[in-house]
Amino acid sequence: MGFISILNKKGGPANVQRSVPTYLLDCNGDRIIEQICKDYPEELKWQFHYLPADEECMEYRRGIYRDIKLREVSESIEAFLEDMKAYQEVEIKKDKLLSPLQKKLWHLEESRIYIKAFTNLYGGLEKAPLASQGMQEFKEYLGSVVKGERFLTLKRQGEEIKSEREAFRITLHYENERIILADFPEQEEDAYEKTLRDVLPEHTAVLSNLFGNEVEFSSLEKGLIEVLIKKQPAFFKKVADFYETWESFWEEPLSLFAKEIRLYLAVWKFQQQMTEKGYHFVTPVSTGVGGEFRAAKVYDLALALAKGDEQAIISNDVEYRQGEQFLVVTGPNQGGKTTYARSLGQLLFFFLMGLDVPAEEAHLPYFERIMTHFSVEESVETGRGKLMDELVRLAPMLKQEARNAFVIINELFTTAANYDAIEMGTRTLRAFLEKGDYGIYVTHLGELAEMDERVVSMMALLNEEGKQSFRVERKPATELSCAIMQVEKHRLSYEQIKERLACW
Amino acid sequence: MLVGLLYQDGDWNQQSKQYFDWETIREDLGLKTLFEMASKEIQWSGKTVKRIEEADTTIMKNMEKVMMVPLKDAEEILYRQEVIRDFEKNEELIFDLYRFARQVLSEWQGLGRGIVVKTSGFNSSGDLVNQIHVIQLFLDSLGILKRKLSKYKGKLCSGALCSFIERLEEEFSDEYEAGLREIMKDVDFYIKDAGDEGKRKNSAKTRMKLVLSYDEGMKFTGWKLADLGTDKVRSFSSANPIGMVQSFVNSKIPYSVCVEPDSPLHEDAMQLEYQVVKYVLTALNPFLLNFRYFFDQLLLQTSFYKGAILLNKHMERLGISGCFPTPGERFDFTFSQLKEYVMALEQLVNPVGNDCHIRDKNMLIVTGANQGGKSTFLRSVGIAQVMMQCGLKVAATQYSSGVYPTLFTHFTRREDSEMNSGRLDEELDRMSQIIDQLSEGSMVLLNESFATTTEKDGSKIAYDILTAFQDKKIMVLTVTHLLGFARKMYENDERREQTEFLSAERMEDGSRTFRMVQGEPSLQSFGLDLYEKYIKIE
């Protein structure tokens, strides 16, 4: 079986989804995707909204991505995508045109870009040391196309017409309210320009490319093409024949490739830009379902984008040791808890997409899905209370049967009474643990961190000055320490208040 | 092209280094009067003045522009003096050139001139028509100027004027002119008939030949202009039998399309004409660029020289003899019968003149009787210095001084001289600003400085500051009532060596001559004399 799809190992185009999945929105993944896709058509984003079908397909993609990162490969693909862009521009022009003759003429140009794009791409890939199954199969397939009779005939016929077109050199005489199209007498091509040059040797004027900016024929061009058709009927017959023969010249798998390859190149270019700004990425080591789970210097890529260059983004480590399933993160407000949770979501998203991850080192197990639950402002639309709203969204997450999920919970039940909140939180967490899920639970309830040995307590730390350090580390939940620091920062301790009141 | 009448190697420009704090100099020396009089022509009736014309604001403005930029050295000063000499001998020439420059600029203005010469950014056929007119104006004006000036060849001696003529004949040679005129004829068809908006001159039609290729999608590309011209053809309306025949014959031309009026094709043909004309006009940019500032500079520079001639004439009518000053060594300072020209112009008098002979001294201290003409004296020097430093004649029979491009005036005005610590603070602040700007070859004119504090303190301040100036070889001319300061300077042998002392002359009977005499500063201020004089009268 030959080449099928570079996104979907099992065949057929990869699934796409227009709407952004909730977990991507919650982890700000949409902002990253926005940035990655900013130079590409809208539909590229949709490919990010659907994870590969299974672990094998994830690894299939990672192999291809590894090949893409080879310089010669990324360069030839970049050139290829430039050609495709030019192709699309022509296509857009063509679709707008009214005159059938012009449509045919532009169809010819399309075919030439098609030929050039794939010929060059094959030239580039042929020499590259491709290691992935996906890219090797594609190269083989592409070779069979570009060396095939169909492709070569298309090329030859297109070129023939082109060189005939280019050979036309005509003269317009405009006088006495008449424009006459005549054959071109070699010697006097730019006689008047010479006249100007004689008087003004240093002038830099250029005769602008009249009507060149419009795709549509100007009235003059239209009028004169009719004259030319009378003069050169054979040429126009060829153009018409070409169109009939080659109305559709695309090979279906190539058209799929052209769409799918953009994802890899877009990510790779983005990754390079971020690397230049000092952010790191690594190819993760896949450890399989239930395998090792640890990563070093994980950071929130969306935050890095928002801060631009130079800004030092705090990165943190993550590790699930033997038997551990959930991280419960507590700590001061604005202390980086949510950022930490988001960065784990992004880490797994890029991993599952078969790409590199924003970390310095990563060993990651396979998950079938990422589920998130972020507290939101009270919904005006539903009219439900906040707690109600949270529960409605939580219910399907707990019910869903086919599991192996990574769950991210951010501040549940904040409007409930403390006792209730602890109780509900404990039950929720336990339910996920029982289903064998992994996850992270951001909360202000320290009690949740102590509830089960499968739960690890993590804390967002303050620095010596009592300010947020955005570091998140394994630490028993001690609400006291940070509370005292907060109090002292505001000079509200007993001694401080006495001192401040000492003036009378 | 360089006009070059003000400088040998350049024209006046906005970036030229002006006197620092020019406005103060202008106020302190009363120079506005000078600019104004420089712009007023005198109508003579024989030897007597019949009428003084209204001020010409163009000259006033330009006079100031030129005068606010000091010349750097003797060479530059002599360069302008020579030009003035030429114009003194050929007065009608400078009057004519000035009038001509004004006329060209007003015509240009009439064509809706922008701030700069337009060489791109045309976006309507109106722009192009306008550009054709501007080019035509330039061509015609330069032609006229060339011919005007060629008549004066041999009559002029100054390097500036001779090379100006030479330069014009070279940069706007007859051959170049003819070439440009030919090109302009070819685009003549484009000028719309002013009387009939939007319609062409019936008799002028384009004739153009273009070569081109076909690009992708059979779009035109690779345009070349093979021929262009304006044909004088007679055309007849199609209602006319001759017209009918004409259009019938036309329609039989094979492989051609007819440009019917008001058809889409006609619009394209207009576009074709527009682009071709735009191309040709753009090719003329080097010509326009070379002369873009020419007429503005010509007006500016002829304004100055006309003003110079008029200033001389005003001296003449007041009976003041003027001379071309001799720029000399710094710290040598000699003049005879130097008069305060501004006062003379304002009061229409021929004031008392002063003489001075100083060699190698960098400070001049003027003391003496109030109302004795000290300030007038100081101003007369300041005015003459500024006039010399822009090439003008000065109101003296002889004047020789160094060139001091950084010149400062620090005049305490009467209303400012009350004792007031805030005032002293301001005064010192201004002195400090001056010091920030001082350099070698600076001249500072001080009139009653530090009068806003006690005599004792004022003297101390003056002594500290001015001896520092002296040691840094800054030329200082100071009128002062600070006798403590003056005495201290006089009593110090070393200081006295480098300082000249002048005082307002007082006759035996206590009356004033308004003349300054050299000599030891007295400790008495003569205010008493004045008091006595007025009391006695009563």
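Lettering follows sequence order; numbering is per chain, from 1.
No more than 12 heavy atoms of other residues, nucleotides or ligands shown are found within 6.0 angstrom of CD on B/Glu175. Heavy-atom neighbours of A/Lys45 NZ from other residues, nucleotides or ligands within 6.0 Å: above the threshold of 12. In this structure, A/Lys96 places its NZ atom where only 12 or fewer heavy-atom neighbours from other residues, nucleotides or ligands lie under 6.0 Å away. Atom CG of B/Asp262 has 12 or fewer neighbouring heavy atoms from other residues, nucleotides or ligands inside a 6.0 Å radius. Counting heavy-atom neighbours within 6.0 Å of A/Lys155 NZ, excluding the residue itself, gives a total of 12 or less. Residue-environment remark: NZ (A/Lys94) exceeds the threshold of 12 foreign heavy atoms within 6.0 Å. Residue A/Glu126 places its CD atom among more than 12 non-hydrogen atoms of other residues, nucleotides or ligands, all under 6.0 Å distant.
Of the two parts of A/Ser208, the backbone and the side chain both hold a non-hydrogen atom closer than 4.5 Å to a non-hydrogen atom of chain B. Heavy-atom distances place both the backbone and the side chain of B/Ala269 under 4.5 Å from chain A. For A/Leu181, the parts sitting under 4.5 Å from any heavy atom of chain B are the backbone and the side chain alike. Of the two parts of A/Glu109, only the side chain, counted from C-beta on, holds a non-hydrogen atom closer than 4.5 Å to a non-hydrogen atom of chain B. In this structure, chain B has a heavy atom under 4.5 Å from the backbone of A/Val206, while its side chain stays farther away. Within the 4.5 angstrom heavy-atom criterion, no atom of A/Glu164 approaches chain B. Contacts between A/Arg197 and chain B at a heavy-atom distance below 4.5 Å are absent for every atom of the residue. For B/Leu284, the parts sitting under 4.5 Å from any heavy atom of chain A are the backbone and the side chain alike. Contacts between B/Glu260 and chain A at a heavy-atom distance below 4.5 Å are absent for every atom of the residue.
A distance of 14.5 Å separates CZ in A/Phe211 from CG in B/Asp215, rounded to the nearest 0.5 Å. Remark: A/Thr195 OG1 to B/Leu228 CG distance equals 9.5 Å, nearest 0.5 Å. Interatomic distance, A/Glu177 CD to B/Thr206 OG1, rounded to the nearest 0.5 Å: 11.0 Å. If you take CG on A/Asp190 and CH2 on B/Trp223, they are separated by 15.5 Å, rounding to the nearest 0.5 Å.
Top candidate by heavy-atom pairs under 4.5 Å with chain B, chosen from A/Leu101, A/Leu97, A/Leu228, is A/Leu228. Listed options B/Leu289, B/Leu180, B/Asn285 were ranked by heavy-atom pairs under 4.5 angstrom with chain A; first place goes to B/Leu180. For the set B/Leu225, B/Asp227, B/Val280, the count of heavy-atom pairs under 4.5 angstrom toward chain A peaks at B/Leu225. If you tally non-hydrogen atom pairs under 4.5 Å between each of A/Lys222, A/Lys230, A/His173, A/Glu193 and chain B, the highest count goes to A/Glu193. Ranking B/Leu272, B/Leu281, B/Asp186, B/Val259 against chain A, the residue ahead of the rest is B/Val259, based on heavy-atom pairs under 4.5 Å. Per-residue counts of heavy-atom pairs under 4.5 Å with chain B were compared for A/Asp198, A/Leu105, A/Thr204; the largest is that of A/Leu105. Residue with the most contacts toward chain B among A/Thr171, A/Ile180, A/Leu207: A/Leu207 (heavy-atom pairs, distance under 4.5 Å). Interface check for chain B: of the options A/Val227, A/Ile170, A/Val90, the most heavy-atom pairs under 4.5 Å are formed by A/Ile170. Counting heavy-atom pairs under 4.5 Å between each of A/Leu108, A/Ile225, A/Val239, A/Leu200 and chain B puts A/Leu200 at the top. Here B/Ala226 is the residue among B/Ala226, B/Gly222, B/Gly179, B/Cys258 with the most heavy-atom pairs under 4.5 Å with chain A.
Of the possible donor and acceptor atoms, one in the side chain of A/Arg165 sits under 3.5 Å from a partner among the backbone N and O of B/Tyr214. Counting only distance, with no hydrogens or angles, the side chain of B/Asp268 and the backbone of A/Ser219 share a donor-acceptor pair below 3.5 Å.
Looking at B/Glu273, B/Arg207, B/Lys205 one by one, the single match for side-chain contact (heavy atoms from CB on, under 4.5 Å) with A/Tyr174 turns out to be B/Glu273.
In this structure, A/Lys231 satisfies the cation-pi test against B/Tyr255, with its NZ or CZ atom closer than 6.0 Å to the six-membered ring centre and inside 45 degrees of the ring normal.
Considering only heavy atoms from C-beta on, A/Arg178 stays 4.5 Å or farther from B/Val257 through its side chain. In this structure, A/Arg169 and B/Lys224 have side chains that are in contact, with non-hydrogen atoms separated by less than 4.5 Å. Two residues are said to be in side-chain contact when any heavy atoms from C-beta on lie closer than 4.5 Å; B/Met218 and A/Phe235 meet this criterion.
B/Pro286 and A/His203 get closest at one heavy-atom pair: CG-CA, 3.6 Å.
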B/Glu216 and A/Lys162: CA distance, side-chain angles, deciding distance, side-chain contact (heavy atoms from CB on, under 4.5 Å) verdict: CA-CA 8 Å; B/Glu216 294 179 347; A/Lys162 180 184 173 232; over 6 Å; no
B/Phe220 and A/Leu224: CA distance, side-chain angles, deciding distance, side-chain contact (heavy atoms from CB on, under 4.5 Å) verdict: CA-CA 10 Å; B/Phe220 288 154; A/Leu224 291 173; 3.7 Å; yes
A/Leu196/B/Ile183 under side-chain contact (heavy atoms from CB on, under 4.5 Å): CA gap, chis, key distance, verdict: CA-CA 8 Å; A/Leu196 286 177; B/Ile183 294 169; 3.6 Å; yes
Steps toward side-chain contact (heavy atoms from CB on, under 4.5 Å) verdict (A/Tyr192, B/Leu210): CA-CA 10 Å; A/Tyr192 198 79; B/Leu210 292 137; over 6 Å; no
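Residues B/Lys219 and A/Glu221 are paired through a salt bridge, judged by an N-O separation under 4.0 Å between the basic side chain and the carboxylate.
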